[in-house]
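Structure, as structure tokens:
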Amino acid sequence: MFNPLLATLLLAMESQQVIELRLVRLAWGGQESWAEMNSMVFEKIAAATEATATLLTGGTPDDVVARYREHVAANAQRLRA
């Protein structure tokens, strides 16, 4: 079984890496920068909606953290490409 505290700490560290990658993309400016800014806003709304739905349908905070980690990993992979 995975320790929920460890999962939350990993989420925090992984999120910081994505923030760094996004800041670099934003610093370059141009059309990609605007697209990334829009993506960030819509992703946050979608993630919050998904987390709420998970909790309202009987999911646990651990489920929410695990799903957020999946989103963060996908963003990291996309931003490194």
Side-chain angles (χ1 to χ4, degrees):
M1 176 155 293
F2 201 60
N3 182 338
L5 177 60
L6 179 58
T8 304
L9 291 173
L10 287 172
L11 174 61
M13 291 187 321
E14 294 159 353
S15 296
Q16 287 300 312
Q17 292 172 350
V18 169
I19 291 168
E20 176 186 358
L21 293 167
R22 280 188 157 157
L23 287 174
V24 169
R25 181 157 295 184
L26 294 175
W28 280 100
Q31 187 61 33
E32 285 186 15
S33 177
W34 283 103
E36 191 61 36
M37 285 188 281
N38 286 326
S39 175
M40 287 189 306
V41 171
F42 289 114
E43 286 174 3
K44 303 282 184 271
I45 294 168
T49 302
E50 183 180 346
T52 301
T54 298
L55 294 172
L56 288 174
T57 58
T60 66
D62 295 337
D63 296 332
V64 172
V65 169
R67 185 67 176 135
Y68 265 93
R69 289 189 70 212
E70 290 175 11
H71 288 298
V72 169
N75 277 326
Q77 185 175 17
R78 177 181 57 80
L79 290 164
R80 285 188 185 114

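Rounding to the nearest 0.5 Å places CG of Asn3 at 8.5 Å from CG of Leu9. Atoms OG1 and OH, on Thr54 and Tyr68 in that order, are 9.0 Å from each other to the nearest 0.5 Å. To the nearest 0.5 angstrom, Glu50 atom CD is 4.5 Å from Arg67 atom CZ. Separating the CG atom in Leu5 from the CG atom in Leu10 is a distance of 9.5 Å, to the nearest 0.5 Å.
Shown here is Glu43, whose CD atom has more than 12 heavy atoms of other residues, nucleotides or ligands within 6.0 Å. Residue Glu70 qualifies as enclosed at atom CD: its count of foreign heavy atoms under 6.0 Å is above 12.
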Test log, rule side chain to side chain contact (heavy atoms under 4.5 Å, CB included), inputs Leu26 and Met40: CA-CA 11 Å; Leu26 294 175; Met40 287 189 306; 4.0 Å; yes
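Residue Met13 is grouped with residue Leu6 when hydrophobic side chains (ILVMFWY) are merged at heavy-atom distances under 4.5 angstrom, including chains of intermediate members.
Residues Arg25 and Glu20 are not paired through a salt bridge, judged by the lack of any N-O separation under 4.0 Å between the basic side chain and the carboxylate.
For the pair Leu79 and Glu36, the minimum side-chain heavy-atom distance is below 4.5 Å. Between Pro61 and Leu55, the closest side-chain pair of non-hydrogen atoms falls below 4.5 Å. Counting only heavy atoms from C-beta outward, the side chains of Arg22 and Ser39 approach each other to under 4.5 Å.
Side-chain atoms of Asp63 come within 3.5 Å of backbone N or O of Thr60 as a donor-acceptor pair.
Here the shortest heavy-atom pairing between Ala76 and Leu21 reads O-CD1, 4.1 Å.
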